[in-house]
*Asks:* 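Quick one: structure below, then a few questions.
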2 protein chains.
Amino acid sequence: MPKKSPTKRERDPAATRQRLIDATVRLMLQQGFSGTSVDQICKEAGMTKGGFFHHFENKEALGTAAVEWWGRMGTALYAEAWQDTSVDPLEQLHRMFDIMAGFTRRDDNPVVCMVGMMSQEMSATNPAFQAACEKELNLWTENVAKLLTAAKKRHKPKTKFDPVQTAWFLNSLWQGSMLIGKACRSRHLIRDNLKLARSYVDGLFQAN
Amino acid sequence: MPKKSPTKRERDPAATRQRLIDATVRLMLQQGFSGTSVDQICKEAGMTKGGFFHHFENKEALGTAAVEWWGRMGTALYAEAWQDTSVDPLEQLHRMFDIMAGFTRRDDNPVVCMVGMMSQEMSATNPAFQAACEKELNLWTENVAKLLTAAKKRHKPKTKFDPVQTAWFLNSLWQGSMLIGKACRSRHLIRDNLKLARSYVDGLFQAN
DNA sequence: CGTTACATACCGACCGGTTTGTATGCCCAA
DNA sequence: TTGGGCATACAAACCGGTCGGTATGTAACG
C-alpha cells in the first residue's frame, strides 16, 4: 500500500507477487500446468527468473497459490448469490445459475475452471495440488448444500433428497459442462446444461 | 491379418505399436500428456526411442492414437448396454449406468477418462487433440441420445425434453463426476452421482 | 532351392534447445 | 548502511526428435 515516489519504478512486492499469480492463471487456463514454463510465466508477468524465485520457493508453490487465488476469486464472484440471505434460498440458487450462465457470455476468455483443469492434470500425482483442489471443490459444494438445506426448510420438497449429495451432483455437472464445452468449443452446450440444472433444482420442490 | 510363421515371432509390429499405446494410456492416466515423456513411454513399453519414432511420427501422433484407442475400448465396454436392442431402451440405459458404476468397483485403476483429461489439458492449444476428443465425446452422446429417443417412443415422457440435450447433460455429469471423484479421492461420490442420474432419467418418463 | 537384394523393425548414442532451479550482485528505500 | 526486491548469469537435468547402424523378414531370380 505504500506509494511514495511517483516517477520512479515502484517496488511493491505484494503487487509483484500477484502479477506472477495473475500471469500463471492466464497461461495455465490455456496450456495447463506442465505445459506452462516458469520462463513463460516470468515473461508474461514482466519479471525475471531471479525475481520469481524470490517470491516462490518453486513452481509447485506458485501452482498452489494460483489455485487458492482462483478459489478466493470464485467465492467473490458467487458472493452476490450466496451471501444475500434476505431472499428466498431458491432465489439465491437461481441467481447462482445466472452468474454461471453469465460466464458463458463473457467473450474475453473461455469458460473454464482452473481447479477442474488442475484436478484432471495433476491431482493423481501431486498430493499438494490434489489437496488444494479438493478444498476448493468442497467449498463450492458446501455453499450450495447450505442453500439447498435452507430451501428445503422454506419449500416442501417434492421427494426426499440429500442436500450435500445434490450439491456434489450440481458441482459435477458444472465441472463436466466446462470440460465438454471446451472440448466441443461450445458455450451453447454449457448454457443448455445450466438450464437443465436449474429446472432440476426447481423440480426438487413443489410448485409455489 | 497375415499369419505366417507358426512358431514364436520376435517381430510383431502391430503388437509393438499396441504396446506403445497401452503404455501411453497407462502413464497418461496418471500424469497427463505433457507430464509424460517419450523416454518414459518407451521404457514402460520395453522399447527404445528409435523404435518408437519408427511407429509414430511424433508424440502428438501417439496421443491421438491413444485417444482413438480409448474411444474404441470405451464403445466396446458399453456395447453390452448399447447394442442389445431387443430390450426396452430404458432398460438399456439402466444397464449403461450399471456398467459405469462397475468402473467404480474395479480396484485395479482409478475411475478416470483419458478423453476428459486430454480435453482439459490439451484441447485449448492443440487442435488435433481437441478434434479427437470432441469426436469421442460426440460418439458417447449420440449413443445415449439414441436410447433416449427410443425410450421416448416406448414410454410416455412426463414432460417435454430433448434427447440430445439430455444426453449432453448426462455426459457432462459423468465427466464431471470422474473429475471430482479424482480430486476428492472418492469413488463413493461417483456412485452417488450415478444413482441420481439414474433416477433423473427415470423421472423423465411416467411410471409403468 | 539358394543366393542376393531390398524393405522393415528396432537400437542407442547424440543434438539442439528447454526445463527448473541456484549463485551472485546491483539498486533503491528506510 | 543495510536489507529486501529484483536482475543477470549460469548449472544440470531433461525434453522431443534425429541419425547411423544392425538385425530380421521377404521377394525376386537363377
*Asks:* In this structure, how many angstroms lie between the P atom of D:dT18 and the NZ atom of B:Lys59, rounded?
*Replies:* 15 Å

*Asks:* Measure the distance from CZ on A:Phe52 to C1' on C:dT19 and round it to the nearest whole Å.
*Replies:* 13 Å

*Asks:* Over how many whole Å does the gap from A:Glu57 atom CD to C:dT22 atom C1' extend?
*Replies:* 13 Å

*Asks:* Would A:Glu44 and A:Arg26 pass as an ion pair if we require N to O under 4.0 Å?
*Replies:* yes

*Asks:* Please give, in whole Å, the distance from D:dC15 P to B:Lys43 NZ?
*Replies:* 11 Å

*Asks:* Among C:dT20, C:dC10, D:dA7, which nucleotide has an atom closest to any side-chain atom of A:Thr48?
*Replies:* D:dA7

*Asks:* Find the distance A:Gln31:CD to C:dT19:P and express it as a whole number of Å.
*Replies:* 10 Å

*Asks:* Can you find a donor-acceptor pair, distance only, under 3.5 Å between A:Lys49 side chain and C:dG21 base?
*Replies:* yes

*Asks:* Are the side chains of B:Cys133 and B:Val115 in contact, using a 4.5 Å heavy-atom criterion?
*Replies:* yes

*Asks:* Using a cut-off of strictly less than 4.0 Å, decide whether A:His54 has a side-chain nitrogen or oxygen near OP1 or OP2 of D:dG4.
*Replies:* no

*Asks:* NA contact type, A:Thr36, heavy-atom cut-off 4.0 Å: base, sugar-phosphate, or nothing?
*Replies:* sugar-phosphate

*Asks:* Check the distance between D:dC15's P and B:Asn58's CG and give it to me in whole angstrom.
*Replies:* 17 Å

*Asks:* Charged N to carboxylate O below 4.0 Å: is that the case for A:Glu91 and A:Arg95?
*Replies:* yes

*Asks:* Name the closest nucleotide to the B:Phe53 side chain, picking from D:dG16, C:dT20, D:dC6.
*Replies:* D:dG16

*Asks:* Does A:Arg198 come within less than 4.0 Å of A:Asp98, counting only side-chain N to carboxylate O?
*Replies:* yes

*Asks:* Of all the choices, C:dT20, D:dG16, D:dA7, which nucleotide is nearest to the side chain of A:Ser37 once you look at every atom?
*Replies:* C:dT20

*Asks:* Once you round it to whole Å, what is the distance between P of C:dA9 and CG of B:Leu20?
*Replies:* 13 Å

*Asks:* Would you kindly give the CD-to-P distance between A:Gln40 and C:dG17, to the nearest whole Å?
*Replies:* 18 Å

*Asks:* Between A:Phe33 and A:Lys59, is there a cation-pi geometry (under 6.0 Å to ring centre, at most 45° from the normal)?
*Replies:* yes

*Asks:* Would one find a side-chain N or O of B:Thr16 under 4.0 angstrom from OP1 or OP2 of C:dA9?
*Replies:* no

